[in-house]
Every structure is written in structure tokens, then in C-alpha cells.
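Taking it in order: structure first as C-alpha cells, then the write-up.
Note that this is a predicted model, so its numbers are computed, not measured. Along the sequence shown, residues are numbered consecutively beginning with 1. Hydrogens, waters and symmetry mates are skipped; everything else that's a heavy atom, side chains included, is used.
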Amino acid sequence: MNDLEAALNSNQMVKSAQVYLSVNGQLRVDIEQKKPIARVSTHASYYIDDQGSYMPLSPNYTARVPLVTGTVEKNNLTHVFKLAQKIEADAFLKKHVIEIEQTEKSTFFLKFRQCNFTVQLGSLKNLDKKIMNLKAFYNKALKEKSLNRYSNVNLQFDSQVVCTKI
């Protein structure tokens with residue numbers, strides 16, 4: 001049973017596996033699959049799972065998660081993972097964000113599902129405050145029906161949102 005459990009746990013799609021005998025003598029297997037929260041699409045394509053580690057693409061299923069582009073290293077996913085985790089946990093961001101772009105200097109840009117503008121997030125410093133400012137801007141611009149008038153929304157500055165009109 002240990003060999004079977006080790007074989008299952010070695011699969012990169014499996015988060016954890018337990019093999020045991022039940023009270024009535026039946027062999028039981030409990031498997032928990034990894035959950036993808038972002039899909040990296042650079043020179044190699046793969047998912048980042050909810051633990052912040054590498055997860056291969058599945059030939060049978062495509063998860064609906066934000067696409068990560070730009071400069072992303074497989075052995076250094078901490079910054080992308082932190083942002084992807086924040087997007088996964090926030091209903092507003094999960095609904096709207098379709099792409100995360102990371103630059104060489106670990107600054108970030110976001111693209112929204114139905115908007116033409118790019119959100120210039122910058123570093124992950126004060127991320128919660130930046131997201132709060134983004135939501136306030138989005139709701140105000142949505143109310144005024146002016147979302148498609150902007151090409152760039154910059155959140156890098158403290159306590160302000162700087163927008164570039166088309």
C-alpha cells in the first residue's frame with residue numbers, strides 16, 4: 001500500500017493521496033487533486049496551483065483562470081502566486097481579471113475581461129489599498145459609463161488612480 005500511495009503522490013496533478021484498508025477489508029484510495037489558480041504562458045505553459053507550486057497542464061481539462069505572461073520563472077513564482085491568490089480570493093477580481101503580466105522588475109499589469117484599458121499595478125506593495133482604489137475607480141466609471149474611454153489605469157501612486165484617456 002505504501003508503494004501505491006507513493007506512486008499516486010508522485011503524480012504532479014495530485015495534491016495528496018491516501019491508500020488504506022477499510023474495516024470490511026476493501027482497499028480504499030482518497031485522492032485530492034491540485035487546484036490551479038493561474039496559467040503561465042511563456043516559453044513553457046503550466047499552471048500555478050493554490051499552494052504556489054508548478055502544476056502541469058491537463059490534456060483533458062482547461063481551467064478558467066487568469067493567464068500569466070511576461071517574465072515568469074518556474075522556480076520563482078512567489079510574486080505571481082501572491083497576486084494570483086489575491087485574485088482568486090476576491091470575487092470582483094476573479095470576475096474581471098483575465099491576464100496578469102509580470103515585467104523583469106516584478107511589476108505587474110492587469111487586463112480586464114470587457115474593458116480596453118490596462119491596469120498598471122506596479123509592485124505588490126500596498127496591494128490591498130491598490131485593489132480598493134481600483135474597485136472605487138471601476139464602480140465610478142461604470143456608473144458614468146466611461147470605462148471604454150481609458151487606455152491605461154495607473155495604481156502605482158499612493159492614494160490615487162491616474163488614468164490615461166484614449
Could you check whether any side-chain heavy atom of Leu77 comes within less than 4.5 Å of a side-chain heavy atom of Val72, counting everything from C-beta outward? yes
Considering only heavy atoms from C-beta outward, does the side chain of Leu155 approach that of Val161 to under 4.5 Å? yes
Ignoring hydrogens, what is the shortest heavy-atom contact between [X] and [Y]? Give both atom names and the distance.
X	Y	result
Tyr46	Glu73	OH-C, 4.0 Å
Val162	Phe157	CG2-CD1, 3.7 Å
His79	Ser106	CD2-OG, 3.7 Å
Arg39	Ser45	NH2-CB, 4.5 Å

Check: Asn60/Ser58 side-chain N/O donor and acceptor closer than 3.5 Å: no
Mind checking the [atom1]-[atom2] spacing from [X] to [Y]? Nearest 0.5 Å is all I need.
X	Y	atom1	atom2	result
Lys34	Gln51	NZ	CD	9.0 Å
Lys165	Tyr150	NZ	OH	5.0 Å
Glu5	Ser16	CD	OG	9.0 Å
Cys115	His96	SG	NE2	7.5 Å
Leu121	Ile131	CG	CD1	7.0 Å
Leu67	Ile100	CG	CD1	9.0 Å

Using the rule given for side chain to side chain contact (heavy atoms under 4.5 Å, CB included), can you reason through Leu21 versus Leu27, listing the C-alpha separation, both sets of side-chain angles and the distance that settles it, and then say yes or no? CA-CA 5 Å; Leu21 285 174; Leu27 182 65; 4.2 Å; yes
Any donor and acceptor pair, going by atom type alone, linking the side chain of [X] with main-chain N or O of [Y] inside 3.5 Å?
X	Y	value
Asn126	Lys129	no
Lys130	Ser123	yes
Asp90	Lys86	no
Gln102	Gly70	no

Apply side chain to side chain contact (heavy atoms under 4.5 Å, CB included) to Phe81 and Ile37, showing your working. CA-CA 8 Å; Phe81 171 63; Ile37 61 170; 3.8 Å; yes
For a salt bridge (Lys or Arg N to Asp or Glu O under 4.0 Å) check, start with the C-alpha distance between Asp50 and Lys15, then their side-chain angles and the critical distance, and finish with the verdict. CA-CA 10 Å; Asp50 58 351; Lys15 189 176 198 175; 3.4 Å; yes
Honestly curious: do Ile98 and Phe92 fall in one hydrophobic cluster under the side-chain, below-4.5 Å linking rule? no
[X] atom [atom1], neighbour heavy-atom count above 12 within 6.0 Å:
X	atom1	answer
Gln160	CD	yes
Glu144	CD	yes
Lys135	NZ	yes
Lys111	NZ	no
Asp30	CG	yes

Side-chain cluster (under 4.5 Å, hydrophobic types only) that Met55 belongs to, other residues: Met13, Tyr47, Leu57, Val65
Run the numbers on Ile166 and Arg149 for side chain to side chain contact (heavy atoms under 4.5 Å, CB included), then give the verdict. CA-CA 6 Å; Ile166 294 177; Arg149 294 184 191 156; 5.8 Å; no
Evaluate the ring planes of Phe112 and Tyr138, with Trp represented by its six-membered ring, and classify them as parallel (under 30°), tilted (30 to 60°) or perpendicular (over 60°). tilted
